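Just the heavy atoms: all of them, side chains too, but no hydrogens, waters or symmetry mates, feed the values below. Protein chains get the first letters and strands the later ones, always in sequence-line order, with residue 1 at the start of each. What you see is a predicted model, and the numbers here were worked out from it, not measured in a lab.
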Protein chains: 2
Amino acid sequence: MSTVQSVDRALDVLEALADQGGEAGLSEIAARTGLPYGTIHRLLQALLSRGYVRQESDRRYALGGALVRLGGAAERMVGVWAQPHLEKMVALSGETANLAVLEGDFVVYVAQAASPRRLRMFAEVGRRVLPHSTAVGKVLLADRVDAGDILRRTGLPRRTEHTITSVEAMLVELETVRAQGYGMDFGEEELGVHCLAVPVRDGSRVIASMSISGPVERMEALDREELARAMRSIAADFGADVSPPR
Amino acid sequence: MSTVQSVDRALDVLEALADQGGEAGLSEIAARTGLPYGTIHRLLQALLSRGYVRQESDRRYALGGALVRLGGAAERMVGVWAQPHLEKMVALSGETANLAVLEGDFVVYVAQAASPRRLRMFAEVGRRVLPHSTAVGKVLLADRVDAGDILRRTGLPRRTEHTITSVEAMLVELETVRAQGYGMDFGEEELGVHCLAVPVRDGSRVIASMSISGPVERMEALDREELARAMRSIAADFGADVSPPR
DNA sequence: AAGCATTTTTCCGCATAGTGGAAAGGATGG
DNA sequence: CCATCCTTTCCACTATGCGGAAAAATGCTT
């Protein structure tokens, strides 16, 4: 497969910048990418002149505003690709399926396929919620080493009588999620609504989470382990789809 | 200023893709960028292998998932840069200042500087609201030719007794916003809360909006025109900062 | 089914665009 | 004020990317 050296390297630079939290000095980028200084500097100038990178007053570099636009457009696309997979989950379970990602410290719902039932979950696309009270949030946090920090920053406000409200208890819960490969929400965000969420992986990193949500009675009638297995397989397809093996 | 041809062109390709709504065939990209086919194809392969572009089953190309991550990181950065400007607005008015962007059909609050007053607006960072009931929303819509479509899609749900609830009335309001160069919200989202918002421009396009919000009594005591002028100037600084002149 | 038009992909010799080592130029801080 | 660290500039060389044109794939029409 053909590749263009300078483009490839420019992407390395941008990713290095993102890895450092969106801001880094030239030499930090050099350390991370292993590219020679001159080369990095030239690439940065190119990105700079287009607004994809920005130079701070202390001469450090940061990700630029132009990326926001592309990122937004791409996010909409991701929602579109997810659709068929979400529909498969609906077919499988009869319940509404959602795709969510972690944005900053919040869970954001990106796409949805609605259940055909009369009683069903409402459209949540665009909604931001805290991670601690949802199945998708737990799955997304379970992969993060800084889950504790996030939880301490956001707090764990009580949403219902079932909400887990202590950081310690939540860290234990995340351990369970990691072990079983899926996350549950037993009416912790909204009374009477249960959810089951599985991770979407880009290689090994968790980049998103897919879930189904429905009323307690119907959710409890489903075979959880069996369902989780099927959903993991769909999520894996989607993951491979979004970020194909190099 | 130095530049790297292939990187520059790769960015052209990505932007062309975004212009076409995130998805396009090779020849559409060629038409838009004026680059030779072979060149575009090679660049697309390079972006493809990194997940920044994706190829659909019908061989068309689309923006890839890898952009979402960079976009998110960049968005957080934008919030950081906005901070000093928001603080200037707080100093100017004594009220809480916010930065918001349009994401899909929603207004999303990206950053905030809080008023020093005891009675003040609450942190809204991360919140998504519909555009029709906020000053920032009006400013963001005022620049869009498809404002009517957006409003029809989202609807104009009544939030308070002052909310504007018809598309026609809102289009008239947007005309006013364009004419005066700032937007107001007179308790249309929340009773007793008034806002004044100005556009942040990247060149000529409106990319974001900055606003101040506070209780009616205090907001009415301010000289609106004078304040709007000062805020526009701050927003212009910020705009120039985020996307420096080519 | 066969042919035609359109779009995408591959190929390859050439020239130039990009490389990277090394030196100069600026900051920072003890 | 000097030493150290980090960033920017420079330039000769050549590997890298260029792009026209041909081949392959698709899908539209008759």
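Nearest nucleotide to the A/S6 side chain, out of C/dT9, D/dG19, D/dG17: D/dG17. Ranking D/dC6, D/dG20, D/dT26 by closeness to the B/P36 side chain, first place goes to D/dG20. Proximity note for B/Y61 (side chain, C-beta onward) versus C/dT7, C/dT9, C/dT19: the nearest is C/dT9. Which of C/dT10, C/dT19, D/dT7 sits closest to the side chain of A/T39 comes down to C/dT19.
Side-chain N/O atoms of A/Q55 include one lying less than 4.0 angstrom from OP1 or OP2 on D/dT8. Note on B/Y37: every side-chain N or O is 4.0 Å or more away from OP1 and OP2 of D/dC18. Considering only side-chain N and O atoms, A/R60 lies nowhere under 4.0 angstrom from the phosphate OP1 or OP2 of D/dT7. Checking the phosphate oxygens (OP1, OP2) of D/dT7, no side-chain nitrogen or oxygen of A/H41 falls inside 4.0 Å.
Below 30°, between 30° and 60°, or above 60°: for B/H85 and B/F238 the angle between ring planes is between 30° and 60°, a tilted geometry.
Across the protein-nucleic acid pair, A/I40 atom CD1 and C/dG21 atom P stand 12 Å apart, rounded to whole Å. In this structure, B/D12 atom CG and D/dG19 atom P are separated by 12 Å, rounded to whole Å. Rounded to whole Å, atom P of D/dT26 lies 16 Å from atom CD of B/E56. The CG-P distance, from A/L35 to C/dT19, rounds to 9 Å in whole Å. Computed from coordinates, the A/L26 CG to C/dG26 P distance equals 17 Å when rounded to whole Å. Protein atom CZ of B/R9 is 13 Å distant from nucleotide atom P of C/dT16, rounded to whole Å. Following rounding to the nearest Å, A/D8 (CG) and D/dT16 (P) show an atom-to-atom distance of 12 Å. Taking atom CG on A/L44 and atom C1' on C/dG20, their separation rounds to 15 Å, with Å as the unit.
Annotation: of the two residues near DNA chain D, B/Q5 and A/G25, the 5′-most nearest-nucleotide partner is A/G25.
For D/dG19, its base sits under 3.5 Å from the side chain of B/R42 at one donor and acceptor pair at least.
For the pair A/E15 and B/R69, the salt-bridge criterion is not met [side-chain N within less than 4.0 Å of a carboxylate O]. Salt bridge A/D149/A/R152: present, at least one basic N to carboxylate O contact under 4.0 Å. Salt-bridge check for B/D143 with B/R205: failed, with every basic side-chain N at 4.0 Å or more from each acidic carboxylate O.
Side-chain contact between A/L99 and A/V136: absent, with no pair of heavy atoms (C-beta onward) separated by less than 4.5 Å.
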